[in-house]
Amino acid sequence: MPTITFITPDGERHQVDAKPGISVMQAAMANDIGGIVAECGGSAMCATCHVYVGDDHADRLDPVGEVEHEMLECTTSERTGSSRLSCQIEVSDELDGLEVYLPESQV
Amino acid sequence: MQVSPTNGIGADRPVNAQDPFDLEILANPYAFHEELREAGPIVWLEHYGLWGMGRFEEVHATLNDWQTFCSSAGVGISDFRKEKPWREPSILLEKDPPEHDRARSAMTKVLSPVAIRKLRADFEAFAEELVEQLVAKGEFDAVTDLAEVFPLKVFPDALGLESGERDYLLRYGNIAFNAFGPRNSLFEESMAEMPEVAKWINARCDRAKLSPDGLGAEIFGFADEGKITEHEAGMLVRSLLTAGVDTTVNGIGCALRSLAAHPEQWAALRDDPTLVRNAFEETLRYDSPVQTFFRTTTRPVDIGGVQVGEGEKVLMFLGAANRDPRKWENADQFDIRRKAAGHVGFGSGVHGCVGQMIARLEAEVVLKALTKRVHTLELTGEPTPKLNNTLRGWAHIPVRVTAK
Ligand code: HEM
Ligand code: FES
């Protein structure tokens, strides 16, 4: 199973196994990763599943979609070039080893 | 299980003979929901000759597979490919991608968390004012004095609708949501009112009638940019008026009913108001204001071993999925501390409620205002359900509050 590592603002690392097909947000929720709120449950409506994806991994992801782009304008922590909505990233074998950084706050 | 090769005509598919739109079941659907979930992952509803789904996993998967389960043949019982819709189909709710996306992305912008943040101060002020008056009264009807009054002011105000005669909005919502169901007494009563109410609504969706600083005018702004047509902008304003009023009235009503009926939950909320947003999520799970929506299959599909044919109507019971014990521990218990996020009360996937952040804001400010001023909240009589073919809610909830 692919693994994903969530890195907190303090640098703590949490590695989780994630089933292909679920979203990175769902992998976080299933493993009680604090720092992802995901109030809308993955409908790209709340911007509370914001993460930063390191440059070394970013090119493995599909580009930011139109609705995701809109919603990234609504994040509480600053949007950067690495910002993504974790509910819009689908786990796959190609993403094995993905590292995502959690923002300071989601709400 | 043996699998029938035919379009659901096999004898081995799970079957249920009840009418899910029977008024008694609408008033209290939970025993029926359990029957449905226990019967199978998808169940032939003999009464109407269509499929029903009550388990979380399948409902969630269906909501997230628009390719197989389309909305463009209508999200009510009527099949637009066979019957003429009662109104021009919604360019949001009743369209599939890619057609759906244009309107959706415009609405996402208009109703985004950033846009909604700007509404907060006005919403809070009105909630506090209203709650102060009600606490002074002591006894009141939590629906007609609060759950209806609050959304009927703040939401149309935000949209830029002129004030006055706003009970037309409740009547319109009631009609539109009854119209997704079968031609029962609720449907017929609604249709009788329709010409008068639709005329009022259509007149209000006109650009000239909307204030220039509201969300409605913003939607017309997309028409100016050429992203949608003028006519489509009017349709989207109509969508908001249909989808944005009765739903939140019922959502707030369901929250108040559940809190009043569970004094220990009210006390927990009052003592820790940081639970307010979660309490509303739990309400949406426990007593889902939108109970059902339909999809239509675009191809034959196997659901948990049951063969469903192409062009068949599938009724998703969101309210049943939200109480599926396969997904939720103590599913029938109202627990404002539980992790309720991930319920399907707002749907899920491409049609997932675009108004959910405004709905959450409305509920939050009302509940928060109550936690500030109210010590005890209790029922003084049996609440009266408000029956609708799609929505679950209350017509009256008599309550008594004591001041903090
Ligand atoms: C507690 C209140 C509410 C509940 C429970 C609710 C529920 C839902 C559900 C279940 C859907 C999915 C429909 C489907 O999958 O076919 C939906 C869609 C929708 N809702 Fe809500 N809703 C609420 C409040 C609102 C508000 C306040 C607005 C407007 C501001 C709104 C506007 C919409 C629209 C326009 C759609 C269609 C979205 C699309 O098809 O892309 N809703 N809602
Ligand atoms: S979970 Fe709400 S935007 Fe991702």
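On a predicted model such as this, the values are computed, not experimentally measured, just so you know. To find a chain, count down the sequence lines: A is the first, B the second, and so on, and within it residues start at 1. These numbers come from the heavy atoms of this one structure, side chains and all, not from hydrogens, waters or symmetry mates.
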Please test B/K339 against A/D32 for side-chain contact (heavy atoms from CB on, under 4.5 Å), starting from the C-alpha separation and ending with a verdict. CA-CA 11 Å; B/K339 237 184 174 176; A/D32 282 320; 2.7 Å; yes
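- Only the side chain of A/Q26 comes within contact range of chain B, with at least one heavy atom under 4.5 Å from a heavy atom of that chain.
- With rounding to the nearest 0.5 Å, the separation of CZ in B/R117 from OG1 in A/T76 is 5.0 Å.
- Using a 4.5 Å cut-off between heavy atoms, A/M71 contacts chain B through its side chain alone, with no backbone atom that close.
- Atom CG of A/D62 has 12 or fewer heavy atoms from other residues, nucleotides or ligands within 6.0 Å.
- With a threshold of 4.5 angstrom between heavy atoms, B/V354 approaches chain A through its backbone and through its side chain.
- Atom OG of B/S105 and atom CD of A/E70 lie 6.5 Å apart (nearest 0.5 Å).
- At least one donor-acceptor pair under 3.5 Å links the side chain of B/R360 to the backbone N or O of A/E39.
- Residue B/E225 qualifies as enclosed at atom CD: its count of foreign heavy atoms under 6.0 Å is above 12.
- Of all heavy-atom pairs between A/M45 and B/L111, the closest is CE-O, 4.2 Å.
- When the shell of 6.0 Å around CD of B/E329 is examined, it contains 12 or fewer heavy atoms from other residues, nucleotides or ligands.
- Within a 6.0 Å sphere centred on CD of B/E57, other residues, nucleotides and ligands contribute 12 heavy atoms or fewer.
- When the shell of 6.0 Å around CD of A/E66 is examined, it contains 12 or fewer heavy atoms from other residues, nucleotides or ligands.
- Rounded to the nearest 0.5 angstrom, B/I116 CD1 and A/C46 SG are separated by 13.0 Å.
- Distance check: B/K109 NZ to A/C74 SG gives 11.0 Å after rounding to the nearest 0.5 Å.
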